[in-house]
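The chains referred to below are lettered A, B, ... by the order of the sequence lines, with proteins before strands, and numbering in each begins at 1. For the numbers below, each heavy atom of this structure counts, side chains included, while hydrogens, waters and symmetry mates do not.
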Amino acid sequence: MADLRISALHKYYGNVHAVRGIDLEIPAGEFTVLVGPSGCGKSTLLRTIAGLEDANEGTIEIGGQVVNHLPPRERDIAMVFQNYALYPYMKVFDNIAFGLRSRHTPKNEIEPRVRRAAQMLAIDHLLDRYPRELSGGQLQRVAIGRAVVRSARLYLFDEPLSNLDAQLRDEMRGEIKRLHQELGKTMIYVTHDQVEAMTMADRIVLLRDGIIEQAGAPLELFERPATRYVAGFLGSPAMNFIDANLVTAGDTLALRLNDGAGLALPQRRTANLRTRVDRPVVLGVRPEHIGPATQGERPGLARYTAIIELLQPTGSRTYATFDLGGTRAVAELQAHDVSTINQQIELSIDMNRVVLIDPATNRVLS
Amino acid sequence: MTPLAGRHRVRLCLRLVAAVALTLIFMFPIYWLYMISFKTASEIYAFPPKWYPSSFNFDTYRVLFRDGDAATVGNSLIVAFCSTALAMFLGFICAYSLARFSTGGKHLANWIISQRMIPPIAVVFPIFLLYVWFGLVDTYVGVILLYTAFNLPYVIWMMRSYILDVPRALEESALVDGYTRWQVLWKVLLPMCRAGLAATTIFTFVFAWNDFIFALVLTRTEVATYTVQITHYFGGQSNFWAKISAMSVLGTLPIFVVTAFMQRYFVRGISLGAVKG
């Protein structure tokens, strides 16, 4: 059974149409990540689910019950906030116990439950401290503890890691994912960080301008994006988009770039494209699908001679910027594939993995 | 002793002397006021002045309590306490409404505080006429209502800025965790605003305690406050200095007590308001 079902949801702030007709179903036990740039409506959607904002149109069902008119406390949810939302005048123990006490949990149950939640999050040695005595990472653990100590049907996370530094964020990402596996509860997690979305989600819901751009498993969105927007949003460094024309080349099709270079498409990718010959398309290619050309070509690899303009070594990999058909593109190479700039290099592009986009609709051509 | 340490010590001594001198200058009028209340008539008028009474003489206080004059201090306590409690309660919930729900639009808060700018003398006579009509002259209810109304804008303004400083997420988190709005108000917001509440309470109390003009016009005998009572001792022929000073002592005592008790919040509350207000 679905733990959460949203249909035709709209939310306005004055003249701003923040959520524009969202339908979403989240099965029990799933970890769903709502991701998108700031202003896409993801936080609004989460707050509307929580009941902190009223929906203007549409329905929200939690566990089969329409909750539109219920206050937050009657929705059977727990929530973790971006700025921790801990009470500075309460010790960590009391902060975690807050939700239990406000719901009149029997006294003898509170202590063991708080201790268990604290142990799960490795903060059991901090229970006697005040929030002001903790570090950012510890504060966020307490905030998460406050939510998981309750047994709610739905757990909501509103950008809980965005105040932490990069290393701590990596650590907490793993921690939250582990927590989800342990508890098996339905969780909805909002973030603007595509890495968080990719690494944590069972399912990603990518929002843009108040509507769902695409929803699906992380790798499904990554490998088979439906639109140019999705293709560009997921992946780091981002996908390269190159203007091109679709032309016939012998018995197959090829992409003619603005500098005259031709990149042949593998046969199996040409099936539905015959009708588009001699029309513009946008070539989308991920940096990791461009590599140095080697002897003994595999089928589906297209060669391109490039001059490297910029190198950004990251250690194991090096990002190389070069001009690809009049557009600046990035290739993700092995650390020692290229060593100097202005060096001419023969690259090969894996045409099996590229996406082709209709520039008129920005939709990916199948 | 090195010359540097010596210079440091001299400077410290000079600062100490300056501090003591300043304190003496500021304390002297209060000392004088207190001493007069214990002096006999001849000591009060003695020349050269007597710096301290020959013996602590409580006669003036005895007379004040016997004649019921001291009861005016009780009246002041009652009206100041009740009006402060009322203004704080109403002001806090109004401030919450303004801060969190933008009640009345953006500018209602400014309009409200503008009400506090009105000089009391400009409104006291119309209010007097109104009070005659309602039979509220010389009643506790009348004075308490007026002080509450006069202090309310100040309380709303101050508490609104303190509430705006409290992160919304604290309230939202409590709402999710099982609280109603009212519970959030009393159990989350109130403790968060403690310092601001204390500072605002003191200012509100002090205004009511020190008010003279409203009390002068709106009270007669039943609920006259101590400030009004003191004016009775300024006579055409003679001034009753002993009574004036004894009543003033009674009038300053509660302020000393309140301030001493709440000093901790007081300083913090004022500086908070100063930064964020």
Side-chain angles (χ1 to χ4, degrees), chain A residues 13-14 43 46-54 62 67 70-90 94-105 131 139-140 142-160 163, chain B residues 88 92-93 96-108 159 161-201 262 264-269 271-273 275-276:
Chain A
Y13 288 112
S43 275
L46 192 78
R47 292 170 57 81
T48 313
I49 295 169
L52 297 170
E53 308 282 348
D54 293 327
I62 296 176
V67 297
L70 292 181
R73 67 177 187 283
E74 287 169 30
R75 292 192 180 197
D76 203 6
I77 50 169
M79 188 162 174
V80 179
F81 291 82
Q82 182 177 349
N83 297 319
Y84 321 130
L86 299 177
Y87 304 109
Y89 50 89
M90 284 183 191
D94 301 309
N95 264 291
I96 297 178
F98 184 91
L100 298 176
R101 289 190 179 135
S102 64
R103 285 166 192 275
H104 308 294
T105 309
L139 287 171
Q140 197 50 274
V142 177
I144 294 169
R146 254 185 68 162
V148 300
V149 76
R150 288 187 32 215
S151 56
R153 183 183 282 272
L154 213 55
Y155 292 80
L156 310 176
F157 296 81
D158 191 5
E159 306 218 25
N163 283 357
Chain B
M88 289 310 298
F92 186 61
I93 44 184
Y96 183 67
S97 166
L98 287 178
R100 290 294 191 239
F101 303 101
S102 305
T103 308
K106 259 191 194 163
H107 303 298
L108 184 63
M159 290 323 299
S161 65
Y162 287 116
I163 291 170
L164 285 174
D165 283 347
V166 177
R168 242 173 225 264
L170 284 186
E171 291 176 41
E172 290 173 344
S173 159
L175 285 175
V176 169
D177 273 345
Y179 272 9
T180 63
R181 273 278 170 204
W182 277 103
Q183 284 175 313
V184 166
L185 195 59
W186 301 120
K187 294 187 185 173
V188 176
L189 210 53
L190 203 70
M192 288 298 293
C193 294
R194 259 187 313 208
L197 277 167
T200 310
T201 304
M262 300 182 106
R264 196 161 55 99
Y265 296 113
F266 196 51
V267 174
R268 221 168 89 207
S271 59
L272 267 179
V275 176
K276 308 281 188 182

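Residue A:Ile77 touches chain B through both its backbone and its side chain, counting heavy-atom pairs closer than 4.5 Å. For a residue to count as touching a neighbouring chain, one of its non-hydrogen atoms must lie under 4.5 Å from one of that chain's; by this rule A:Leu156 does not touch chain B.
Rounding to the nearest 0.5 Å places NZ of B:Lys187 at 8.0 Å from CZ of A:Phe98.
In terms of heavy-atom pairs under 4.5 angstrom with chain B, the leader among A:Gly51, A:Ser102, A:Ala50, A:Pro71 is A:Ser102. Taking A:Glu74, A:Met79, A:Arg150 one by one and counting their heavy-atom pairs under 4.5 Å with chain B, the maximum is reached by A:Arg150.
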Please table the atom pairs, donor to acceptor, closer than 3.5 Å between any side-chain atom in residues 167-174 of chain B and protein atoms at least two apart or in another chain.
from     : atom 1 : to       : atom 2 : distance (Å)
B:Glu171 : OE1    : B:Tyr96  : OH     : 2.6
B:Glu171 : OE2    : B:Arg100 : NE     : 2.7
B:Glu171 : OE2    : B:Arg100 : NH2    : 2.9
B:Glu172 : OE1    : A:Arg47  : NH1    : 2.9
B:Glu172 : OE2    : A:Arg47  : NH1    : 3.2
B:Glu172 : OE2    : A:Arg47  : NH2    : 2.5
B:Ser173 : OG     : A:Arg146 : NH1    : 3.4
B:Ser173 : OG     : A:Arg146 : NH2    : 2.2

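Looking at B:Leu175, B:Thr180, B:Val176, B:Asp177 one by one, the single match for side chain to side chain contact (heavy atoms under 4.5 Å, CB included) with A:Arg73 turns out to be B:Thr180.
Closest approach of A:Tyr87 and B:Val188 over heavy atoms only: CE2-CG1, 3.6 Å.
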